[in-house]
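Structure record follows, encoded as structure tokens.
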Amino acid sequence: MLNRFARFSLAIAEIDRCWHKLAAEAMAEYGLNSPHAVYLTTLYNFPEGITAAKLGELCCKNKADVSRMIGILEKKSLVRKETVGGNLYRAKLLLTDEGKHAAEYVQERAALAVELAGSGMTNEEREVFYRCLELITTNLQTLSKEGLPKQ
């Protein structure tokens, strides 16, 4: 029987693999890859626009990754930059109409995937699952910043 670490690690890895496959299928219609899905859906939640720094923070991505992804989304006419104070420093990133359509499509597909993935769970089980997942995430974030305690 697998120990808790192996069960946890394998389950997380498999969830990540499956999510990327499903996201890639949704993004293929726009000539994009799975990582773009998170950027589009995050930007969709900020119709007034957000900075690249804030986008990176929300998506848990570094500055270089955000810059690369935004460049691709701009070339596909899904995102535009709006200057602030006459220059592009701290410019707001906004979805174009086509970008909004893409984000809505991705959100619909993601909602369906989450609904189907949770088949067989009651609402109470789902609530407990997400509460536990959020607690594990918070604890792991703390451990990754502070390190594991000495024995």
Side-chain angles (χ1 to χ4, degrees), residues 1-76 78-79 81 90-96 98-151:
M1 179 169 198
L2 294 175
N3 65 33
R4 283 178 26 196
F5 172 75
R7 286 179 68 192
F8 178 80
S9 298
L10 293 172
I12 295 295
E14 185 62 6
I15 288 168
D16 186 59
R17 186 187 70 78
C18 292
W19 181 90
H20 278 285
K21 184 175 189 290
L22 293 169
E25 289 173 10
M27 297 310 300
E29 182 173 325
Y30 298 94
L32 298 170
N33 298 317
S34 61
H36 297 104
V38 173
Y39 288 96
L40 285 175
T41 56
T42 301
L43 285 166
Y44 187 80
N45 292 322
F46 294 87
E48 72 285 355
I50 58 172
T51 65
K54 183 68 173 175
L55 181 63
E57 179 185 319
L58 293 169
C59 294
C60 300
K61 302 293 182 183
N62 66 41
K63 190 176 178 180
D65 190 64
V66 172
S67 179
R68 186 173 42 257
M69 293 296 176
I70 292 303
I72 292 168
L73 294 173
E74 281 184 298
K75 285 180 186 170
K76 299 278 186 180
L78 300 173
V79 171
K81 290 180 183 171
R90 300 198 50 83
K92 286 186 176 184
L93 301 170
L94 297 142
L95 289 175
T96 63
E98 189 176 347
K100 290 174 189 171
H101 177 71
E104 288 167 354
Y105 175 75
V106 170
Q107 285 185 317
E108 289 170 10
R109 300 301 294 166
L112 178 60
V114 169
E115 184 64 33
L116 294 173
S119 295
M121 292 175 77
T122 66
N123 286 337
E124 293 79 22
E125 289 170 330
R126 190 174 284 110
E127 188 58 40
V128 169
F129 170 76
Y130 282 110
R131 195 168 48 243
C132 290
L133 190 59
E134 289 164 357
L135 180 60
I136 290 168
T137 301
T138 299
N139 290 341
L140 285 173
Q141 287 170 331
T142 300
L143 288 170
S144 70
K145 287 177 187 169
E146 298 174 4
L148 290 171
K150 303 285 185 221
Q151 290 287 1

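Without hydrogens or angle criteria, Glu125 side chain to Thr122 main chain gives a donor-acceptor distance under 3.5 Å. At least one donor-acceptor pair under 3.5 Å links the side chain of Ser144 to the backbone N or O of Gln141. Under the 3.5 Å distance criterion, the side-chain polar atoms of Ser67 are left unmatched by any main-chain donor or acceptor of Lys63. Without hydrogens or angle criteria, Asn62 side chain to Ala64 main chain gives a donor-acceptor distance under 3.5 Å.
The shortest side-chain heavy-atom distance between Ile136 and Phe8 falls under the 4.5 Å cut-off. Looking at heavy atoms from C-beta onward, Asn33 lies out of side-chain contact with Met27 at the 4.5 angstrom threshold. Using a 4.5 Å heavy-atom cutoff, the side chains of Tyr30 and Lys76 are not in contact. At least one side-chain heavy atom of Asp65 sits less than 4.5 Å from a side-chain heavy atom of Tyr39. Taking 4.5 Å as the limit, some side-chain heavy atom of His36 sits within range of a side-chain heavy atom of Ile72. In this structure, the side chains of Leu58 and Ile50 come closer than 4.5 Å at one or more pairs of heavy atoms. Between Phe46 and Leu55 the shortest side-chain heavy-atom distance does not fall below 4.5 Å.
In this structure Glu115 satisfies the side chain to side chain contact (heavy atoms under 4.5 Å, CB included) test with no other residue, sequence neighbours excluded.
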- For the pair Val79 and Thr96, evaluate side-chain contact (heavy atoms from CB on, under 4.5 Å) and give the outcome as yes or no after the intermediate values. CA-CA 5 Å; Val79 171; Thr96 63; 5.8 Å; no
- Item | side-chain contact (heavy atoms from CB on, under 4.5 Å) between Val106 and Arg109, worked out | CA-CA 5 Å; Val106 170; Arg109 300 301 294 166; 5.8 Å; no
- Task: Under the side-chain contact (heavy atoms from CB on, under 4.5 Å) rule, what do Leu43 and Leu93 come out as? Steps first, then yes or no, please.
- Result: CA-CA 8 Å; Leu43 285 166; Leu93 301 170; 3.9 Å; yes
- Task: May I have the step-by-step check of salt bridge (charged side-chain N to carboxylate O under 4.0 Å, His left out) for Glu57 and Lys54, ending in yes or no?
- Result: CA-CA 5 Å; Glu57 179 185 319; Lys54 183 68 173 175; 3.5 Å; yes
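Residue Leu78 holds its CG atom at 10.0 Å from CD1 of Ile70, rounded to the nearest 0.5 Å. To the nearest 0.5 Å, atoms NZ (Lys81) and CG (Leu94) are separated by 12.0 Å. Taking OG of Ser34 as the reference point, atom NZ of Lys21 lies at 12.0 Å (rounded to 0.5 Å). Atom-to-atom distance recorded for Met121:CE and Phe129:CZ is 6.0 Å, nearest 0.5 angstrom. Atom-to-atom distance recorded for Leu133:CG and Arg126:CZ is 13.5 Å, nearest 0.5 angstrom. Here Arg68 contributes atom CZ and Lys61 contributes atom NZ; the two are 10.0 Å apart, rounded to the nearest 0.5 Å.
By the 4.0 Å N-to-carboxylate-O rule, Glu14 lies close enough to Arg17 to be salt-bridged with it. Using a 4.0 Å cut-off between a side-chain N of Lys or Arg and a carboxylate O of Asp or Glu, Glu104 and Lys100 do not qualify as a salt bridge.
In this structure, Ala103 and Thr41 approach most closely via the heavy-atom pair O-CG2, 4.2 Å. In terms of heavy-atom proximity, Leu116 sits nearest to Ser119 at O-OG, 2.8 Å. Minimum interatomic distance between Gly56 and Val66 (heavy atoms only, all atoms of both residues): CA-CG2, 3.4 Å.
Atom NE2 of His20 has more than 12 neighbouring heavy atoms from other residues, nucleotides or ligands inside a 6.0 Å radius.
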